[in-house]
Amino acid sequence: MKKFWILFLICLFITCPVLGYPVTKNKPITHSDGTIEYNFSKQSQVKASKILYKFVLKELNKTPKEAQDFANITPKTVSAFEIDLNGDGKKEIIGIVFSAYYWGTAGHSLFILEEKGNTYQNIAYCLNFEPLNKFYVLNNKTYNYRDISFSGSSAYNFKNLTAKFDKSKYINIEQIKLFEENLKNFSRYDVSEITDIKE
């Protein structure tokens, strides 16, 4: 009987990734109010991470070897999970890439991938996240998409930020305004032409 259970566990371990089931390390915590808590530095889902990794390779137009040589981007540097943010039955991918290419003083770039036909598009706009902090998918919705709560880099004292859907993408106004100010100081141009955000 003991041998049977050992064989069963081995088969389960081997077949889950092959069958495409999300294998999660340290499962996310679901709170009583429906908020789901994640920690990118400790949690990842195999299927979601693979999708984000392939998306990044396509975005960079690089082979796996080129991506590794270019910015040390490998499957192991990607952490992502999947969740249906808008209740349409399709799961979106939320994740980050632990690479200097996607990191700056404001934190790591956050990806939110939404499936469109046979491909994915990133619907996170200018969202920077500190991956050592926890990340929350809230029950509150904006335009039928669940809000997300996170902390940005301590360099800008960003704490308890909320990103909301604006009919086409997730944004956080505080981070956008800081981006605009920095860009204006650097370039002296009207950044609203670039960001398409008006006061």
Review point. Does the side chain of Glu114 come under 3.5 Å of the side chain of Tyr145 through a donor N or O and an acceptor N or O?
Key: yes
Check your understanding: Can you find a pair of side-chain heavy atoms, one from Ile123 and one from Gln121, that are under 4.5 Å apart?
Key -> yes
Practice item. Report whether Leu113 and Ile96 are members of the same hydrophobic cluster (ILVMFWY, side-chain heavy atoms less than 4.5 Å apart, transitive linking). Key: no
Practice item. Using the side chain to side chain contact (heavy atoms under 4.5 Å, CB included) rule, pick out the option among Leu57, Val56, Thr63 that qualifies with Leu60. Key: Val56
Review point. What's the spacing between Ile73 CD1 and Glu66 CD if we round to 0.5 Å?
Key: 12.0 Å
**Study point:** Audit row: Lys62, Asp69, side chain to side chain contact (heavy atoms under 4.5 Å, CB included) steps and yes/no
**Key:** CA-CA 10 Å; Lys62 294 191 180 295; Asp69 294 342; over 6 Å; no
Exercise for review: Check whether any side-chain heavy atom of Ile148 sits under 4.5 Å from a side-chain heavy atom of Leu110, and report yes or no.
Suggested key: yes
Practice item. Check the pair Asn144, Leu85 against side chain to side chain contact (heavy atoms under 4.5 Å, CB included), reporting the backbone distance first and the verdict last. Key: CA-CA 8 Å; Asn144 207 38; Leu85 293 170; over 6 Å; no
Exercise for review: Verify the neighbour count for atom OH of Tyr101: are there more than 12 heavy atoms of other residues, nucleotides or ligands below 6.0 Å?
Suggested key: no
Check your understanding: Hey, which of Asn86, Val137, Ile83 is the one that makes side chain to side chain contact (heavy atoms under 4.5 Å, CB included) with Glu92?
Key -> Asn86
Check your understanding: Ring centres of Phe129 and Phe135 under 6.0 Å apart?
Key -> yes
Point to revise | Rounded distance [0.5 Å steps], NZ in Lys50 versus CD1 in Ile93 | key: 12.5 Å
Exercise for review: Output yes when a side-chain donor or acceptor of Asp147 lies under 3.5 Å from a complementary backbone atom of Lys164, and no otherwise.
Suggested key: no
Study note, to complete from the structure: When rounded to the nearest 0.5 Å, the distance separating CG of Asn39 from CD1 of Ile29 is 9.0 Å
Practice item. Output yes when a side-chain donor or acceptor of Arg146 lies under 3.5 Å from a complementary backbone atom of Lys141, and no otherwise. Key: no
Review point. Donor-acceptor pair, Thr30 side chain versus Ile36 backbone, under 3.5 Å?
Key: no
Check your understanding: Taking the six-membered ring for Trp, is the centroid-to-centroid distance between Phe98 and Phe40 below 6.0 Å?
Key -> no
Check your understanding: What is the distance from atom CG of Leu127 to atom CG of Leu161, rounded to the nearest 0.5 Å?
Key -> 9.0 Å
Practice item. Quick one: do Glu115 and Lys90 satisfy salt bridge (Lys or Arg N to Asp or Glu O under 4.0 Å)? Show the steps, please. Key: CA-CA 8 Å; Glu115 192 173 357; Lys90 294 181 180 179; 5.2 Å; no
Check your understanding: Would you say Asn122's side chain and Ile112's backbone share a donor-acceptor pair under 3.5 angstrom?
Key -> yes
Practice item. Assert yes or no for the condition that the ring centre distance of Phe150 to Tyr136 is strictly below 6.0 Å. Key: no
Practice item. Consider only side-chain heavy atoms of I, L, V, M, F, W and Y, link residues closer than 4.5 Å, and tell whether Phe70 and Phe111 are in one cluster. Key: yes
**Study point:** Over 12 foreign heavy atoms within 6.0 Å of CG, Asp33
**Key:** yes
Study note, to complete from the structure: Nearest heavy-atom contact between Leu52 and Ser79 is CD2-O, 4.3 Å
Exercise for review: Return yes if some donor-acceptor pair links the side-chain N/O of Gln68 with the main-chain N/O of Thr74 below 3.5 Å, else return no.
Suggested key: no
Check your understanding: Are Glu130 and His108 close enough that a side-chain donor and a side-chain acceptor fall under 3.5 Å?
Key -> no
Exercise for review: Verify whether the ring centers belonging to Tyr143 and Phe165 lie closer than 6.0 Å.
Suggested key: no
Check your understanding: Checking Ser49 side chain against Val46 main chain: does a donor-acceptor pair fall under 3.5 Å?
Key -> no
Practice item. Compute the centroid of each ring, for Phe55 and then for Tyr120, and state whether the two points are separated by less than 6.0 Å. Key: no
Point to revise | Side chain to side chain, Asp166 and Lys169, heavy atoms closer than 4.5 Å | key: yes
Check your understanding: Can you name the closest pair of heavy atoms from Tyr38 and Glu82 and give their distance?
Key -> OH-O, 4.4 Å
Practice item. Consider only side-chain heavy atoms of I, L, V, M, F, W and Y, link residues closer than 4.5 Å, and tell whether Phe81 and Tyr170 are in one cluster. Key: yes
